[in-house]
Asker: 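Please read through the structure below; I'll follow up with questions.
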Amino acid sequence: MRRPVIAGNWKMFKTQEETRDFFDGLEPLVGNSSHCDIVVCPPFTAIPAAVAAARGTHIYIGAQNLHWETQGAFTGEVSGPMLVESGCRYVIIGHSERRQFFGETDATVYQRIKAALAVELAPIVCVGEVLAEREAAKTESVLQTQFHGAFAALTAEEFQRIIIAYEPVWAIGTGRTATPEMAADAHRFLRQLAAGQFGKEAAAALRILYGGSVKPDNIKGLMAQVEIDGALVGGASLDAQSFASIVNF
Ligand code: PGA
């Protein structure tokens, strides 16, 4: 009932030329794949090349961040309207690398979500605990804090336009994937929070992606969980063949 989403987060990888090569390789491999939404999120500089390469396909392009103002004296930032003009349809918000290295907080995640929704970008909002929190059995309280900080002030209508990515930080780029059961437990908990805040229907429709060392050889097991509605893929999204085999789970 929930349409799966497979999204690639390239992080700070790929030039424009590498982007064109990637799409040359990807398109023939996913051209007939209509069972899920396919999203690729390149760095800002490669977005126009990605949009041009994906034109006429059913692959959507997203950005990895946006500022909450539409324009202004914010050196180094990019706004929602700029992303829309460039052809983006999605935007990743609150990735753990932004939280860890660039001072992202739940409050700024909320502001960015509002800015994305205002220009009809679909936000993919990342939440997840670090290793010490998981080991101290604090996963649920961390998710609860992040959920409330980022989503509680949204209207039900706004919340329905959001995709959540559960990304346990200890699984990102480490090769250490959460087991499908661990991921499903976290997803179930997030869905309960959504039900409490926005009602059962909104919770049932909410798409929750798993992220953290998703690879061609573990995607099937993850997608076998009814709670898992897709994946946010980092390292394995950089290679057209490996990303295509994840899309074609
Ligand atoms: P990874 O990254 O797949 O390389 O672990 C996932 C992410 O950071 O979104």
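Counting starts at 1 for both ligands and their atoms, in listed order. Note that the structure is predicted; figures quoted are calculated from it, not measured.
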Asker: Taking atom CD of Q100 as the centre, does the number of heavy atoms from other residues, nucleotides or ligands within less than 6.0 Å exceed 12?
Answerer: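 Atom CD in Q100 is crowded, with more than 12 foreign heavy atoms closer than 6.0 Å.
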Asker: Report, as yes or no, whether the 6.0 Å neighbourhood of atom CZ on R207 holds more than 12 heavy atoms from other residues, nucleotides or ligands.
Answerer: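 For R207, atom CZ is crowded (more than 12 foreign heavy atoms under 6.0 Å).
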Asker: Using the benzene-type ring in the case of Trp, are the ring centres of W10 and F22 under 6.0 Å apart?
Answerer: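 Ring centres of F22 and W10 closer than 6.0 Å.
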Asker: Can you give me a line-by-line list of nitrogen or oxygen pairs between ligand 1 and the protein shorter than 3.5 Å?
Answerer:
residue  : atom  : partner : partner atom : Å
ligand 1 : 2 (O) : K11     : NZ           : 3.4
ligand 1 : 3 (O) : S213    : N            : 3.4
ligand 1 : 3 (O) : G234    : N            : 2.8
ligand 1 : 4 (O) : G235    : N            : 2.8
ligand 1 : 5 (O) : G173    : N            : 2.7
ligand 1 : 5 (O) : S213    : N            : 2.7
ligand 1 : 8 (O) : K11     : NZ           : 2.7
ligand 1 : 8 (O) : H95     : NE2          : 2.7
ligand 1 : 9 (O) : H95     : NE2          : 3.2
ligand 1 : 9 (O) : E167    : OE1          : 3.3
ligand 1 : 9 (O) : E167    : OE2          : 2.7

Asker: Step through the shown structure and confirm whether more than 12 heavy atoms of other residues, nucleotides or ligands are within 6.0 Å of NZ on K11.
Answerer: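 Counting neighbours around NZ of K11, more than 12 heavy atoms of other residues, nucleotides or ligands fall under 6.0 Å, so yes.
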Asker: Who passes side-chain hydrogen bond (donor to acceptor under 3.5 Å, both in side chains) against R98, sequence neighbours left out?
Answerer: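 R98 satisfies side-chain hydrogen bond (donor to acceptor under 3.5 Å, both in side chains) with no other residue.
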Asker: Evaluate whether atom CD of E181 has more than 12 neighbouring non-hydrogen atoms of other residues, nucleotides or ligands under 6.0 angstrom away.
Answerer: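 Atom CD in E181 is packed in, count exceeds 12.
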